[in-house]
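I have placed the structure first, in the form of structure tokens, so that the comments after it can refer back to it.
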Amino acid sequence: SFSGPILKTKVQTDTAILGLMGGKYNPESIPNDIAAIKQYYQGLGYFDVKIEKEVEFGRPWWNPWIRNTTYATIHYTIDEGQRYRLHEVEFVGNAVIPEEELRQELNISEGEFFNSRHLEKDVAKIKEKYGALERTFAAVEPRPVLLEEPGTVNLVINIDEDRVYRIRRVDVVINGDYPHTKRSTVLNRIKFAPGDLADPAKLKKSETWLAGDGIFERSGPEGPKITIKQVSGEETQSLASTPRGQTPDVGQTNTAAGSA
């Protein structure tokens with residue numbers, strides 16, 4: 001179902017350029033390569049895929065300058081097996097969001113071939129729905145279950161809705177040499193404060209605004225980041241004792257979210 005060049009992009013092992021540079025043979029990488037190929041196949045519904053390997057060693061006759069070098073040729077023989085279709089999707093653990101509403105977010109359809117890439121997008125959409133309800137740490141874990149009927153699989157989506165979270169404290173950490181941007185400058189540009197509901201979408205927007213505001217030298221992947229940490233029971237303090245507004249312009253540690 002897939003060409004050799006496509007499958008080669010899934011493995012770590014590469015070949016030597018012009019027979020000279022790179023491509024050092026490492027037998028320890030072979031199990032990882034087999035696992036990567038299996039993961040690719042199983043992600044597209046080939047749950048029974050089997051892969052065998054064979055390694056041949058020899059010296060190159062075509063280049064007299066490198067005849068003292070031994071070359072390894074790795075052969076992978078793949079038995080793809082049957083491709084599985086999705087029989088049924090089951091939701092477990094949801095109470096806040098009804099099943100009918102969750103099913104509206106699904107791109108995968110019963111009767112179609114299993115496809116983990118489509119499933120990942122569906123899981124992300126479901127997490128966004130819980131995030132919009134401030135259930136920041138809700139977990140969505142899909143699990144395929146193979147059935148006795150050949151070529152069919154059920155999908156069980158386990159959901160831990162967790163609880164609603166509010167922001168307990170906002171901390172600012174600025175790395176690099178002085179002079180630093182004032183923490184108050186950062187706090188005045190973000191769109192949340194202690195006591196607010198912890199909406200992941202709002203946190204992401206604030207991160208985007210900070211990166212594009214021009215107050216930092218770096219942007220994109222190396223630009224400012226907003227992270228959240230779930231506060232343990234020992235750390236949680238009453239929101240009534242937390243002043244509404246931004247953290248003072250003093251040194252802090254990291255960003256934390258407190259439970260409501």
Is there a donor-acceptor pair under 3.5 Å between the side chain of Asn32 and the backbone N or O of Ser29?
no
Nearest 0.5 Å please: distance from the CD1 atom of Ile74 over to the OG1 atom of Thr13.
5.0 Å
Does the salt bridge (charged side-chain N to carboxylate O under 4.0 Å, His left out) test come out yes or no for Arg103 and Glu110, once each step is laid out?
CA-CA 11 Å; Arg103 286 188 179 276; Glu110 296 168 353; 3.8 Å; yes
Under a 4.5 Å side-chain heavy-atom rule over Ile, Leu, Val, Met, Phe, Trp and Tyr, are Phe113 and Tyr41 clustered together?
no
In Å and rounded to the nearest 0.5 Å, what is the OH to OG1 distance from Tyr25 to Thr15?
15.0 Å
Each residue besides Phe114 in its hydrophobic cluster should be listed here, by chain and number; the cluster joins Ile, Leu, Val, Met, Phe, Trp and Tyr at side-chain heavy-atom distances under 4.5 Å.
Phe47, Tyr84, Leu86, Val89, Phe91, Val96, Ile97, Leu102, Leu106, Ile108, Leu119, Val123, Ile126, Tyr130, Leu133, Val140, Leu146, Val153, Leu155, Ile157, Ile159
Return the minimal non-hydrogen interatomic distance between Asp122 and Glu105, and the atom names on each side.
OD1-O, 3.3 Å
Rounded to the nearest 0.5 Å, what's the gap from CG on Asp14 to OG1 on Thr9? Could you check?
12.5 Å
Specify the closest pair of heavy atoms between Glu112 and Asn107, including all atoms of both residues, with the distance to one decimal.
OE1-O, 4.3 Å
Separation between CD (Glu128) and NZ (Lys125), nearest 0.5 Å, reads 8.5 Å
Main chain of Val145, side chain of Asn154: is a donor-acceptor contact present, judged purely on distance under 3.5 Å?
no
Grouping I, L, V, M, F, W and Y whenever their side-chain heavy atoms are under 4.5 Å apart, do Val55 and Ile78 come out in a common cluster?
yes
Option among Arg83, Gln39, Glu80 that satisfies the side-chain contact (heavy atoms from CB on, under 4.5 Å) test with Leu44:
Arg83
To the nearest 0.5 Å, atom CD1 of Ile37 lies from atom CD1 of Ile6 at 12.5 Å
Tightest non-hydrogen contact, residues Lys225 and Glu207, listed as CA-OE1, 3.3 Å
Working for side-chain contact (heavy atoms from CB on, under 4.5 Å), residues Tyr76 and Ile30
CA-CA 10 Å; Tyr76 291 116; Ile30 292 179; 3.7 Å; yes
When you look at NZ of Lys10, are more than 12 heavy atoms from neighbouring residues, nucleotides or ligands closer to it than 6.0 Å?
yes
Smallest separation among heavy atoms of Glu149 and Thr152, with atom names
O-OG1, 2.7 Å
Got a donor-acceptor contact below 3.5 angstrom from the Ser206 side chain to the Ile190 backbone?
no
Taking all non-hydrogen atoms of both residues, which atom of Asn94 and which atom of Glu161 are closest, and how far apart?
CA-OE2, 3.4 Å
Side-chain heavy atoms under 4.5 angstrom apart, residues restricted to Ile, Leu, Val, Met, Phe, Trp, Tyr: same cluster for Tyr165 and Ile226?
yes
If you measure from CG on Leu7 to CZ on Phe2, what distance do you get to the nearest 0.5 Å?
7.5 Å
What one should report as the nearest heavy-atom pair of Gly131 and Pro200 is O-CD, 3.2 Å
side-chain contact (heavy atoms from CB on, under 4.5 Å) between Glu134 and Val164, intermediate numbers included:
CA-CA 5 Å; Glu134 285 77 37; Val164 174; 3.8 Å; yes
Can you list the steps and then say if Glu120 with Arg117 is a salt bridge (charged side-chain N to carboxylate O under 4.0 Å, His left out)?
CA-CA 5 Å; Glu120 288 174 2; Arg117 286 178 288 186; over 6 Å; no
May I have the step-by-step check of side-chain contact (heavy atoms from CB on, under 4.5 Å) for Asp33 and Gln12, ending in yes or no?
CA-CA 6 Å; Asp33 289 347; Gln12 299 176 358; 3.6 Å; yes
Could you walk me through whether Ile51 and Lys38 pass side-chain contact (heavy atoms from CB on, under 4.5 Å), step by step?
CA-CA 8 Å; Ile51 303 174; Lys38 279 189 175 181; 3.6 Å; yes
Is it possible for you to say whether Val156 and Leu147 belong to one hydrophobic cluster, with membership spreading through side-chain heavy-atom contacts below 4.5 Å?
no
